[in-house]
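Quick note on labels: first sequence line is chain A, next is B, and so on, each numbered from 1.
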Amino acid sequence: MIHSTPRLRFAPSPTGPLHLGGARTAMYNWALARSLGGTFVLRIEDTDRARSTDESLQIILQGLRWIGIDWDEGPKFDGCGGGDFGPYFQMQRLPRYLQAAEQLLASGHAYLCFCSPERIEGVRDAQKAAKSSFLGYDGHCRDLTAEQRAAAAATGAQPNIRFRMPAARVMNVHDLIRGDVEVNTKELDDWVMVRPDGVPLYNFACVVDDIDMKITHVVRGEEHFLNGIKQQLLFEALGEQCPLYAHIPLILNAKGAKLSKRDPGVMSVLEYRDQGYPPEAVFNYIALLGWGFSGDRDVFTRDEMVAAFQIGNVGKAGAKFDADKLHWMCGEYIRRWSAEQCLERARPWLAKSVPEQALAQHGTWLQNVVACYQERVAVLSEFPAKIAWLFADVPALDEAAQKNLAKHEGAKAWLSAYADELQGLNLPPSYPADRSAADRAVALPSKKDAPEPVCEFATPAQIDAATRAFTERIGAKFGHFVHPVRAALTGTDKGPGLFDVVFLLGKEACVKRLRAAAAG
RNA sequence: GUCCCGGUCGUCUAGUCCGGCCUAGGACCCUAGAUUUUCAUUCUAGUAACACGGGUUCGAAUCCCGUCCGGGAUACCA
C-alpha cells in the first residue's frame with residue numbers, strides 16, 4: 001500500500017447495542033491506528049433503515065467512549081469526531097453513492113435488475129431443491145437488451161442495481177491475519193449494490209466510503225471475509241486501490257457459536273457500565289480475546305496495549321467469552337485503586353444503601369468503609385449490599401450469624417460484658433455524629449505491619465489489644481469470642497477485621513448492637 | 001450442499017512464520033496448604049493440553065497430506 005497516513009475505521013450499523021464483539025473490533029482498529037500513528041474514523045452505516053435507530057447510535061457512541069476508545073473523525077460526541085471526510089453517516093452520503101453507481105452502470109460493471117424478490121426466492125428454492133452447489137442470483141437480468149430493460153421498466157418494476165461479477169476468476173487475496181487465500185469468484189453471485197429506492201447496500205456504500213475517506217486498513221470480523229472479495233472487485237472497477245484487510249476471528253458464546261446480542265449472559269457494553277465493571281478491566285479483558293499481550297502478563301494499561309499491539313499477532317481461532325476471568329480482572333483493577341479513587345468510582349452505586357447525609361458529609365468515614373471492601377468486590381454494584389449493615393439501626397442476622405450466636409453457651413453474656421468493656425474505651429463516635437478526626441487519622445483496612453497511627457481515639461490495634469485482654473479476664477477463648485461479636489455487630493459472618501468493624505461502627509452503635517443481640 | 005477459516009490444559013493464551021532452548025510456559029477456574037478473628041486479599045503447591053492418523057527429518061506442538069470436529073459465508077442485513 002502506498003497510502004502515506006494510516007487511516008482506519010470502525011463502521012458499526014446502529015441496529016442494536018454495542019456488545020463485546022463490536023467493542024473488540026473497534027478496539028483492534030483503534031489500537032492499530034494509534035500504534036501506527038494514524039487516524040481513527042468512526043463511520044455510521046445506517047443504510048438499513050428498517051432497523052437503524054438513534055437509540056442504538058447513542059448506545060454505541062457511549063459504549064465506545066466508556067470503554068476508552070476515542071475517534072479523530074466521525075460523529076461529534078464527547079469531544080470526539082469532526083473531520084474533513086464527512087458526512088460520516090451513510091444516509092447523508094446518498095448522492096455520492098448514486099454518482100458511483102452511475103459510473104459503474106456506464107462502465108458495464110453494474111447492471112439494472114428487474115427481478116422481483118419473489119422470483120429471487122423462487123430461484124433459491126429451486127437451487128436448494130436441486131442440491132445445487134451454487135446458491136444465489138442466477139444472472140437473469142445480467143444481459144438484458146435495451147428493449148428488454150425498457151419493457152421491464154414499462155411494467156413499473158423498480159430495478160435494483162447489481163454488480164457484475166467476473167464469471168470464474170481466481171482471486172488471490174492477502175489478509176493480515178489469514179495470510180494468502182484463494183477464492184474463485186464463481187462462488188459469488190451478482191450482488192445488489194443499490195436498492196430500488198436508491199439506498200445503497202453494505203458492500204457498495206462501504207467501498208465508496210473507504211475510498212472517499214482514504215481508508216488504508218480494514219479490520220473487521222471474519223464474517224466479512226467474502227465481502228472483502230466483492231469489495232476488492234469493486235475497488236478495481238472504480239479504478240481504486242483497495243485497503244489492507246484483516247479479518248479477525250469471532251467471539252464465541254458458551255456454545256461455541258458466534259456471539260449474538262440474544263445470547264444469555266451477553267450484555268451490551270453499557271450494561272457492564274451500569275453494573276459497575278471498571279471500563280479499564282473490560283477493555284483489558286476483551287483485548288485478550290484473540291490476542292496475547294505477552295507470555296506472562298495478562299494485566300496491562302491501554303497505552304501498553306497500543307504499544308504491544310500488532311494485527312498480525314491476532315489469532316485465527318475464535319475465542320469463548322469467559323465471565324469468570326472478566327470478573328477476576330475487574331477485582332484486579334479495583335484492588336489497585338487508592339481508597340480515594342475507589343470511593344469516587346463507587347459513589348454512583350452507594351446511594352442504594354447509604355443515606356444521603358453520609359454521602360454528602362461523611363466522606364472520610366465512607367472512604368474507610370469502602371476501602372475495607374475493596375478487596376472483597378469484583379464489580380462496584382456489589383458495594384451497597386455489602387456495606388448496608390453499617391446503616392441499620394440493629395442489623396438483621398443472617399443464618400450464619402444466628403448460628404455463631406448460638407454456638408457457645410455463654411455467648412450472650414460475653415456480648416453484654418463486652419458492651420460494658422467498649423463503653424469504657426475511647427472509641428470513635430458513631431455515625432451520624434462527626435467522626436472525621438478518627439477517620440482522618442486511621443486508614444483502613446488495618447495492615448499487620450503498618451505503623452501505629454496517631455489518633456485521639458482508640459485505634460483498631462488498641463481495640464484489638466484491649467479485647468484480647470478482656471477475653472482473658474472473662475475466661476473466653478479469643479477465637480470463640482470473636483464470632484458471636486461479629487454476628488451481633490454486622491449481622492453476618494463475613495467482612496473486614498473485627499476491630500476495623502468496631503472502629504467503623506463507633507462506640508454507641510457497637511454498644512447498642514451488642515446489647516440487642518445479648519437480649520435477643 | 002458449496003466455498004473459506006480454524007483445532008495447545010475446562011476457558012483465554014505463549015510457543016508455530018525461522019523444526020531442537022518445550023520432560024509445552026503464564027492467567028482464569030478448581031483442589032490442597034500457609035497467613036488470619038470470619039470472608040476476602042496475599043503466598044506456596046497441585047490437577048490439567050499439543051484433536052486423530054500418516055509422512056518428511058537425526059529430531060515435529062512447530063513442515064506436508066488425510067481424517068474428524070468446530071466456526072463463518074452463501075440477503076433488496078451489516
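- Nucleic acid contact class of A/E182 (heavy atoms, under 4.0 Å, all strands): sugar-phosphate only.
- B/A51: Watson-Crick or G-U partner is B/U67, with both key distances under 3.5 Å.
- The P atoms of B/A24 and B/A61 are separated by 11 Å, rounded to the nearest whole Å.
- Between the side chain of A/R178 and the base of B/C5 there is no donor-acceptor pair of N/O atoms closer than 3.5 Å.
- Map A/Y137 and A/D464 each onto its nearest nucleotide of RNA chain B; the residue landing nearer the 5' end is A/D464.
- Residue whose closest nucleotide on RNA chain B sits further toward the 5' end, between A/S133 and A/R486: A/S133.
- Residue A/K477 places none of its side-chain N or O atoms closer than 4.0 Å to OP1 or OP2 of B/U37.
- Annotation: A/H224 is in aromatic contact with A/Y202 [ring centroid separation under 6.0 Å].
- Nucleotide B/C21 has no partner under the Watson-Crick or G-U criteria, as no pair reaches both atom distances under 3.5 Å.
- Pairing of B/A14, defined by two Watson-Crick or G-U wobble distances under 3.5 Å, is not identified with any nucleotide.
- OP1 and OP2 of B/G26 both lie 4.0 Å or more from every side-chain N or O belonging to A/S294.
- Residue contacts shown for A/T490 are absent, as no nucleic acid heavy atom lies under 4.0 Å away.
- Across all strands, A/G290 comes closer than 4.0 Å only to sugar-phosphate atoms, never to a base (heavy-atom distances).
- The six-membered or imidazole ring of A/F481 lies near that of A/Y418, with a centre-to-centre distance under 6.0 Å.
- Across the strands present, B/A61 finds no partner; the criterion is a Watson-Crick or G-U wobble pair with both atom distances under 3.5 angstrom.
- For the pair A/R49 and B/C77, the criterion of a side-chain N or O lying under 4.0 Å from OP1 or OP2 is not met.
- Sparse packing is recorded around CD of A/E55, with 12 or fewer heavy atoms of other residues, nucleotides or ligands lying under 6.0 Å away.
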* To do: Check the pair A/D500, A/S446 against side chain to side chain donor-acceptor pair (under 3.5 Å), reporting the backbone distance first and the verdict last.
  => CA-CA 7 Å; A/D500 285 356; A/S446 305; 2.5 Å; yes
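- Checking the phosphate oxygens (OP1, OP2) of B/C28, no side-chain nitrogen or oxygen of A/K325 falls inside 4.0 Å.
- Taking side-chain N and O atoms only, A/R376 has no distance below 4.0 Å to OP1 or OP2 of B/U38.
- Comparing the C1' positions of B/C17 and B/C63 gives a spacing of 11 Å, expressed to the nearest Å.
- Across all strands, A/K448 comes closer than 4.0 Å only to sugar-phosphate atoms, never to a base (heavy-atom distances).
- For A/F383 and A/W349, the distance between ring centers is not under 6.0 angstrom.
- Here A/P445 lies out of heavy-atom contact (under 4.0 Å) with every strand.
- Heavy atoms of A/L250 sit under 4.0 angstrom from primed sugar atoms or phosphate atoms, though from no base atom.
- Within the 4.0 Å cut-off from OP1 or OP2 of B/U42, at least one side-chain nitrogen or oxygen of A/R335 is found.
- Counting any heavy atom pair closer than 4.0 Å across all strands shown, A/L135 reaches a base atom.
- Residue contacts for A/N160: at a heavy-atom cut-off of 4.0 Å it reaches a base atom on one of the strands shown.
- Using the Watson-Crick or G-U wobble rule with both distances under 3.5 Å, B/U56 pairs with nothing in any strand shown.
- Nucleotide B/A32 is matched to B/U44 when pairs are restricted to Watson-Crick or G-U wobble geometry with both distances under 3.5 angstrom.
- Closest to the side chain of A/A319, out of B/U13, B/U37, B/A78, is B/U13.
- Across every strand in view, B/U2 sits in a pair with B/A73 that passes the Watson-Crick or G-U test at under 3.5 angstrom.
- Salt bridge annotation for A/D125-A/K128: absent, with no cationic side-chain nitrogen under 4.0 angstrom from a carboxylate oxygen.
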